[in-house]
Amino acid sequence: MSPDELQRHLDAAVALAEQAGPIAAGYFRQRIDVVDKSRGVYFDPVTAADREVERFLRTEIATRFPGYGILGEEEGHTETDAARCWVIDPIDGTRAFITGMPAWGILLGLTEDGAPRAGVMHQPYIGETFYGAPGIGARLRHRGTEVSLATRTGVALADAALYCTHPDMFFADGERAAFDRVARACRMTRFGGDCYSYCLLALGQADLVVESSMQPYDIVPLIPIIEAAGGIVTDGRGGSAAQGGFVVAAGSAALHAQALAAIAL
């Protein structure tokens, strides 16, 4: 994909996410029915906001980008053999959404041959849009103003601010102990945040995000934003994070290496 073509895709992603914003915002802090998709295994909520936002985005993408794949949290994967695929998490942070906390967002990303190429996180209640792509850069748009994003550098693990949505997301053998090791090595650990934590990292306000039980739609749209801001996102062993699972995001390569050494999966 040429730089001009990538820019056009990024512009389209920003526009679509922002157009979907009023749909989600119309349900926020209102009485809303919540369905547990896991049926008692663990609490996995979905609402009409999730479904309506994803339906809107799928319809618009199918019209504007025929032949592209679409992977969404609520309606699955279509055109699975397509080289380019739009990745949708209509409400990342549904638990925050249903409890009135504005740490949620509409995620929309684009992959090409499986690699994340462009990403957007739009938070309509706050009025923020984080977006980025490799070679183009990362930016934050907030109510008519824009700034470039840059991660915080020169921070050692002992001085780092670490975010994680919740420690209960570490299910697999050894993962909770791995998280505890890196958390003890950091100056400060904060819980909560979902997709917003990754955007704070790109903004240079946090230094690390370490999470697990991630799905591709949870992380793919965020990877280009962080990387374009100067950060790095991998799995727990330094490989690609595009398939989700255990994810380590850091503001610099040096800090990332220190975090992986502490995690020691």
Side-chain angles (χ1 to χ4, degrees), residues 9-35 44-65 70-75 86-110 116 118-133 137-149 163 165 192-203 205-206 209 215 217-226 228-229:
H9 282 79
L10 180 60
D11 291 344
V14 170
L16 287 172
E18 291 185 342
Q19 288 166 24
I23 300 172
Y27 286 99
F28 186 53
R29 294 184 178 172
Q30 305 296 317
R31 293 188 179 276
I32 187 170
D33 291 334
V34 179
V35 175
D44 187 12
V46 63
T47 71
D50 298 83
R51 295 192 176 105
E52 192 172 335
V53 168
E54 182 164 330
R55 194 174 305 118
F56 168 81
L57 290 173
R58 282 180 174 272
T59 299
E60 292 296 318
I61 289 168
T63 299
R64 301 185 191 195
F65 300 96
I70 302 176
L71 171 62
E73 179 175 9
E74 307 308 332
E75 297 186 18
W86 290 100
V87 181
I88 304 167
D89 193 339
I91 306 287
D92 184 86
T94 301
R95 293 173 183 81
F97 185 91
I98 64 178
T99 55
M101 177 66 72
W104 54 272
I106 298 169
L107 297 183
L108 181 59
L110 177 69
V120 179
M121 192 289 275
H122 176 53
Q123 215 306 324
Y125 185 78
I126 299 174
E128 292 181 334
T129 304
F130 294 80
Y131 63 97
R139 296 182 67 81
L140 164 61
R141 176 184 298 170
H142 180 235
R143 303 193 188 283
T145 64
E146 291 201 19
V147 296
S148 296
L149 299 176
Y163 261 97
T165 297
D194 293 284
C195 59
Y196 203 78
S197 301
Y198 294 87
C199 294
L200 291 176
L201 191 153
L203 187 59
Q205 298 296 303
V209 184
Q215 298 297 323
Y217 44 75
D218 295 317
I219 191 64
V220 162
L222 298 165
I223 291 173
I225 301 172
I226 292 170

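Keep in mind it's a predicted model, so treat the numbers as computed, not measured. Just so you know, these numbers use all the heavy atoms, side chains as well, and skip hydrogens, waters and symmetry mates.
- Taking SG of Cys195 as the reference point, atom CG of Leu222 lies at 6.0 Å (rounded to 0.5 Å).
- The two atoms that bring Ile106 and Ala24 nearest to each other are CD1-CB, 4.2 Å, heavy atoms only.
- Side-chain atoms of Ile61 and Ile88, non-hydrogen and from C-beta on, do get closer than 4.5 Å to each other.
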Given side-chain contact (heavy atoms from CB on, under 4.5 Å), test Tyr163 with Leu200 step by step and report yes or no. CA-CA 9 Å; Tyr163 261 97; Leu200 291 176; 4.1 Å; yes
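- The salt bridge (Lys or Arg N to Asp or Glu O under 4.0 Å) analysis of residues 44-62, with sequence neighbours excluded, yields the pairs Glu54-Arg58, Arg58-Glu75, Glu60-Arg64.
- Residues Asp92 and Asp218 meet the side-chain proximity criterion, which asks for heavy atoms closer than 4.5 Å.
- Closest of all the heavy-atom pairs between Trp104 and Gly93 is CB-O, 3.6 Å.
- A search for side chain to side chain contact (heavy atoms under 4.5 Å, CB included) contacts involving Ala12 returns Phe65, not counting sequence neighbours.
- Take Ala228 and apply the side chain to side chain contact (heavy atoms under 4.5 Å, CB included) test, not counting sequence neighbours, and it matches Ala138.
- Considering only residues two or more places apart in sequence or on other chains, Thr129 meets the side chain to side chain contact (heavy atoms under 4.5 Å, CB included) condition with Val14, Glu18, Val120, His122, Tyr131, Arg141.
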For a side-chain contact (heavy atoms from CB on, under 4.5 Å) check, start with the C-alpha distance between Trp86 and His9, then their side-chain angles and the critical distance, and finish with the verdict. CA-CA 10 Å; Trp86 290 100; His9 282 79; 3.8 Å; yes
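- Between Ala17 and Leu108 the shortest heavy-atom distance is N-CD2, 4.5 Å.
- For the pair Ile32 and Phe97, the minimum side-chain heavy-atom distance is below 4.5 Å.
- The aromatic rings of Tyr196 and Phe130 lie perpendicular to each other, with more than 60° between the two planes, well past the 30° mark.
- Considering every non-hydrogen atom in both Thr165 and Asp194, the closest pair reads OG1-N, 3.1 Å.
- Among residues two or more places apart in sequence or in another chain, the side chain to side chain contact (heavy atoms under 4.5 Å, CB included) test is passed with Val147 by Leu140.
- Phe56 is linked by a ring pair (Phe, Tyr, Trp, His ring centres under 6.0 Å) to nothing, counting only residues two or more places apart in sequence or in another chain.
- A distance of 11.0 Å separates CG in Asp11 from CG in Leu16, rounded to the nearest 0.5 Å.
- Here the side chain of Gln123 pairs a donor or acceptor atom with the backbone of Pro102 at under 3.5 angstrom.
- Between Leu10 and Ala118, the shortest heavy-atom contact is CD1-CB, 4.1 Å.
- Residues Tyr198 and Ile225 form no side-chain contact, since every pair of their non-hydrogen atoms from C-beta on lies 4.5 Å or further apart.
- Interatomic distance, Ile98 CD1 to Gln30 CD, rounded to the nearest 0.5 Å: 14.5 Å.
- A 4.5 Å side-chain heavy-atom check between Pro45 and Arg95 finds at least one atom pair inside the cut-off.
- Taken to the nearest 0.5 Å, the CG atom of Leu107 stands 11.5 Å off from the OH atom of Tyr217.
- Closest approach of Gly105 and Met121 over heavy atoms only: CA-SD, 3.7 Å.
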